[in-house]
Amino acid sequence: QVKLVESGGGLVQPGGSLRLSCAASGLTLDYHTVGWFRQAPGKEREGVSCSESSDGSTYYADSVKGRFTISRDPAKNTVYLEMNNLKPEDTAVYYCGTSLWPFTDRSDYMNSGRYAFWGQGTRVTVSS
């Protein structure tokens with residue numbers, strides 16, 4: 001049974017930090033590309049960051065470059081998203097997803113339609 005569970009969200013002031021976790025069961029994250037996506041009220045789900053399984057490459061949306069960092073802990077079968085210098089526009093429900101097939105097109109990494117498994121999301125609210 002494949003299951004992804006996000007945690008770590010909450011209410012934080014602008015400039016603050018949070019670390020989101022995505023814990024997996026039923027699959028080994030080391031063998032999958034893992035992506036973080038977010039969806040704000042009234043908006044489409046957008047790619048935030050992803051981590052390749054093959055070579056460890058990471059990718060970030062322009063809006064979060066320099067502020068967010070994706071990482072893995074194979075021993076815990078968990079992927080993290082460290083979020084620093086949070087802004088109100090970061091407010092959203094954050095989801096982690098994993099791929100079923102290897103990606104061959106770089107545009108796939110930030111395309112939610114290319115991910116097969118999803119967690120239920122964790123809410124992040126950035127407000128003073």
Separation of His32 NE2 from Trp101 CH2 (nearest 0.5 Å): 11.0 Å

Nearest atoms (heavy-atom pairs only) where Ala24 meets Leu29: CB-CG, 3.6 Å

Straight-line distance of Asn111 CG to Cys50 SG, nearest 0.5 Å: 11.0 Å

Same apolar cluster: Val48 and Val5, side chain cutoff 4.5 Å: no

Over-ring placement of Arg106 relative to Tyr59, 6.0 Å and 45° cut-offs: no

Rounded distance [0.5 Å steps], CG in Asp108 versus OG in Ser99: 9.5 Å

OG-CD distance between Ser112 and Gln39, expressed to the nearest 0.5 angstrom: 8.5 Å

Ionic contact status for Lys87 with Asp90, cut-off 4.0 Å: no

Hphob cluster co-occupancy, Ile70 + Tyr31, side-chain heavy atoms under 4.5 angstrom: no

Heavy-atom closest contact (Ala92 atom, Ala40 atom, distance): CB-N, 3.8 Å

Glu44, CD atom: more than 12 neighbouring heavy atoms under 6.0 Å: no

Cluster overlap Tyr95 with Leu20, hydrophobic side-chain contacts below 4.5 Å: no

Tabulate below the donor-acceptor pairs under 3.5 Å that side-chain atoms of residues 118-128 make, not counting sequence neighbours, or state none.
{"from": "Trp118", "atom 1": "NE1", "to": "Tyr115", "atom 2": "O", "distance (Å)": "3.4"}
{"from": "Thr122", "atom 1": "OG1", "to": "Gly9", "atom 2": "N", "distance (Å)": "3.1"}

Donor-acceptor pairs under 3.5 Å, side chain of residues 78-85 to any protein atom, not counting sequence neighbours: which ones?
{"from": "Thr78", "atom 1": "OG1", "to": "Lys76", "atom 2": "O", "distance (Å)": "2.9"}
{"from": "Asn84", "atom 1": "OD1", "to": "Ser17", "atom 2": "OG", "distance (Å)": "2.9"}

Lys/Arg-Asp/Glu bridge criterion (N-O < 4.0 Å) met for Arg114, Asp105: no

Leu100 reachable from Val2 in the ILVMFWY side-chain graph, under 4.5 Å edges: yes

Hydrophobic cluster membership, Tyr60 vs Val34, 4.5 Å side-chain cutoff: yes

Side-chain (Asn77) to main-chain (Leu27) donor-acceptor, under 3.5 angstrom: yes

Where Arg72 and Ser53 come nearest, the two heavy atoms and their spacing: NH2-N, 4.0 Å

